Amino acid sequence: MKIILVRHGQTMANIKWTYSKADTKLAPQGLYILDKTKDLLKDYKIDKVYTSKLARSMETAEKLGYNRYDSDERVNEMNFGNFRGLGIDLVRAEYKEFFEKEAKDYFNITYPGGESRNDVIRRMRDFLDEISKQNYENILVISHGIAIRAGLFWILKDLSNWNSFWIDNGSLTVFNLSEGKKLIESVNKI
């Protein structure tokens with residue numbers, strides 16, 4: 001079985017460098033990225049599609065030609081709580097104390113009104129454990145940058161590698177599950 005994780009297409013929040021909201025949509029000028037994604041997905045016969053419950057993920061599925069999918073909040077992006085919709089630079093300037101605490105406890109600090117990276121890792125692990133027991137050859141999961149990165153640690157165990165990975169819009173990260181082994185086949189393929 002292969003689990004193919006795709007980060008949603010580019011949004012205005014990505015372009016303007018703001019924290020996304022649940023209803024953030026794809027940016028028209030970034031749709032070209034999904035043409036490459038569609039080409040990469042031709043290498044797989046997709047048996048089942050999941051998306052997050054966030055608009056940009058479902059919109060990406062449809063732009064890629066997948067109109068039948070199940071949405072699961074466990075593959076949602078990290079909930080940045082009170083920071084959603086705000087500019088990242090503005091938040092970092094106004095909430096310096098929070099980010100100083102984050103630097104000391106990166107995985108456990110909970111965003112005000114949101115969640116922590118460990119929360120995302122736990123819910124992604126739960127989701128991947130569940131779908132890995134299904135009887136499909138290829139499962140496509142359209143998700144988000146931090147959620148996909150968190151999914152890598154379903155296989156990897158050393159969180160010190162967290163910053164070694166980046167997930168671009170429209171990129172594929174592929175897990176190959178075979179003979180009781182979980183392997184990372186590719187990361188951020190675009």
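Along the sequence shown, residues carry numbers from 1. Everything numeric in this text was worked out from a predicted model, so none of it was measured. Computation of the quantities below employed the complete heavy-atom set of this structure, encompassing side-chain atoms and omitting hydrogens, waters and symmetry-equivalent molecules.
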**Student:** Would you say CD of Q134 has more than 12 non-hydrogen atoms from neighbouring residues, nucleotides or ligands within 6.0 angstrom?
**Tutor:**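 Atom CD in Q134 is packed in, count exceeds 12.
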**Student:** Any chance the rings of F98 and F83 have centres within less than 6.0 Å?
**Tutor:**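 Yes, they do, as the ring centres are separated by less than 6.0 Å.
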**Student:** Please determine if R92 forms a cation-pi arrangement with F99, meaning its NZ or CZ atom is less than 6.0 Å from the six-membered ring centre and no more than 45° off the ring axis.
**Tutor:**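 R92 over F99 ring: yes.
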**Student:** Which word best sums up how the rings of F80 and Y19 line up, parallel for under 30°, tilted for 30 to 60°, or perpendicular for over 60°?
**Tutor:**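 Geometry flag for Y19 against F80: tilted rings.
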**Student:** Is it true that S171 and N188 share a donor-acceptor pair across their side chains at a distance under 3.5 Å?
**Tutor:**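 Result is yes, a qualifying pair exists.
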**Student:** Between L40 and K189, does the side chain to side chain contact (heavy atoms under 4.5 Å, CB included) criterion hold? Intermediate values first, please.
**Tutor:** CA-CA 8 Å; L40 291 170; K189 184 177 182 181; 3.9 Å; yes
**Student:** Do L64 and Y32 share a hydrophobic cluster, counting only Ile, Leu, Val, Met, Phe, Trp and Tyr and linking them when any side-chain heavy atoms are less than 4.5 Å apart?
**Tutor:**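 No, it is not one cluster - the side chains of L64 and Y32 are not joined through contacts under 4.5 Å.
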**Student:** Would you say the side chains of N176 and E185 form a donor-acceptor pair under 3.5 Å?
**Tutor:**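 Yes, because at least one side-chain N or O of N176 sits under 3.5 Å from a partner of the opposite role on E185.
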**Student:** Can you tell whether the side chains of R74 and E130 come within less than 4.0 Å, N to carboxylate O?
**Tutor:**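 Here R74 pairs with E130 in a salt bridge, since their nearest N and O are under 4.0 Å apart.
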**Student:** State plainly whether one hydrophobic cluster holds both W162 and F175, where clusters connect Ile, Leu, Val, Met, Phe, Trp and Tyr through side-chain heavy atoms under 4.5 angstrom apart.
**Tutor:**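 Yes, same cluster.
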**Student:** Would you give the length of the straight line joining atom CZ of R56 to atom CG of L26, rounded to the nearest 0.5 angstrom?
**Tutor:**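 R56 atom CZ to L26 atom CG measures 9.0 Å (nearest 0.5 Å).
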**Student:** Looking at N135, I want to see if its CG is surrounded by more than 12 non-hydrogen atoms of other residues, nucleotides or ligands under 6.0 Å.
**Tutor:**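 Counting neighbours around CG of N135, 12 or fewer heavy atoms of other residues, nucleotides or ligands fall under 6.0 Å, so no.
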**Student:** Taking atom CD of E137 as the centre, does the number of heavy atoms from other residues, nucleotides or ligands within less than 6.0 Å exceed 12?
**Tutor:**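 Result for CD/E137: open.
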**Student:** Does the ring centre of Y69 sit less than 6.0 Å away from the ring centre of Y50?
**Tutor:**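 Centroid distance Y50-Y69: not below 6.0 Å, so no.
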**Student:** Honestly curious: do I109 and V91 fall in one hydrophobic cluster under the side-chain, below-4.5 Å linking rule?
**Tutor:**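 Same cluster: I109 reaches V91 through Ile, Leu, Val, Met, Phe, Trp or Tyr contacts under 4.5 Å.
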**Student:** Is a donor from one side chain sitting under 3.5 angstrom from an acceptor on the other, for T51 and S71?
**Tutor:**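 There is such a pair (donor and acceptor under 3.5 Å, judged by atom type) between the side chains of T51 and S71.
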**Student:** Verify side chain to side chain contact (heavy atoms under 4.5 Å, CB included) between T24 and E59, making sure each step is shown before the conclusion.
**Tutor:** CA-CA 10 Å; T24 296; E59 191 179 0; over 6 Å; no
**Student:** Answer yes if W17 and Y95 sit in the same cluster of Ile, Leu, Val, Met, Phe, Trp and Tyr residues linked by side chain heavy atoms under 4.5 Å apart, and no otherwise.
**Tutor:**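 Both belong to a single hydrophobic cluster.
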**Student:** Centroid-to-centroid, F127 to W154, below 6.0 Å?
**Tutor:**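 So the answer is no for these two rings.
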**Student:** Measuring from atom CG of L54 to atom NZ of K25, what distance do you get when rounded to the nearest 0.5 angstrom?
**Tutor:**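 These two atoms lie 11.0 Å from each other.
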**Student:** Could you pull out all donor-acceptor pairs under 3.5 Å where a side-chain atom in residues 138-147 meets a protein atom, sequence neighbours excluded?
**Tutor:**
{"from": "N138", "atom 1": "ND2", "to": "K45", "atom 2": "O", "distance (Å)": "3.0"}
{"from": "S143", "atom 1": "OG", "to": "V75", "atom 2": "O", "distance (Å)": "2.6"}
{"from": "H144", "atom 1": "NE2", "to": "S52", "atom 2": "OG", "distance (Å)": "2.7"}

**Student:** Taking R117 first and then E102, would you say they form a salt bridge - that is, a charged N and a carboxylate O separated by under 4.0 Å?
**Tutor:**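 A salt bridge links R117 with E102.
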**Student:** Thinking salt bridges, do D39 and K36 make one under a 4.0 Å N-O criterion?
**Tutor:**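 No, this pair does not count.
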**Student:** Under a 4.0 Å N-O cut-off, is there an ion pair linking K101 with E97?
**Tutor:**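 Judged by the 4.0 Å cut-off on N to carboxylate O distance, K101 and E97 do form a salt bridge.
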**Student:** Are any of the side-chain nitrogens in D72 or K53 under 4.0 Å away from the carboxylate oxygens of its partner?
**Tutor:**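 Salt bridge between D72 and K53, a charged N being under 4.0 Å from a carboxylate O: no.
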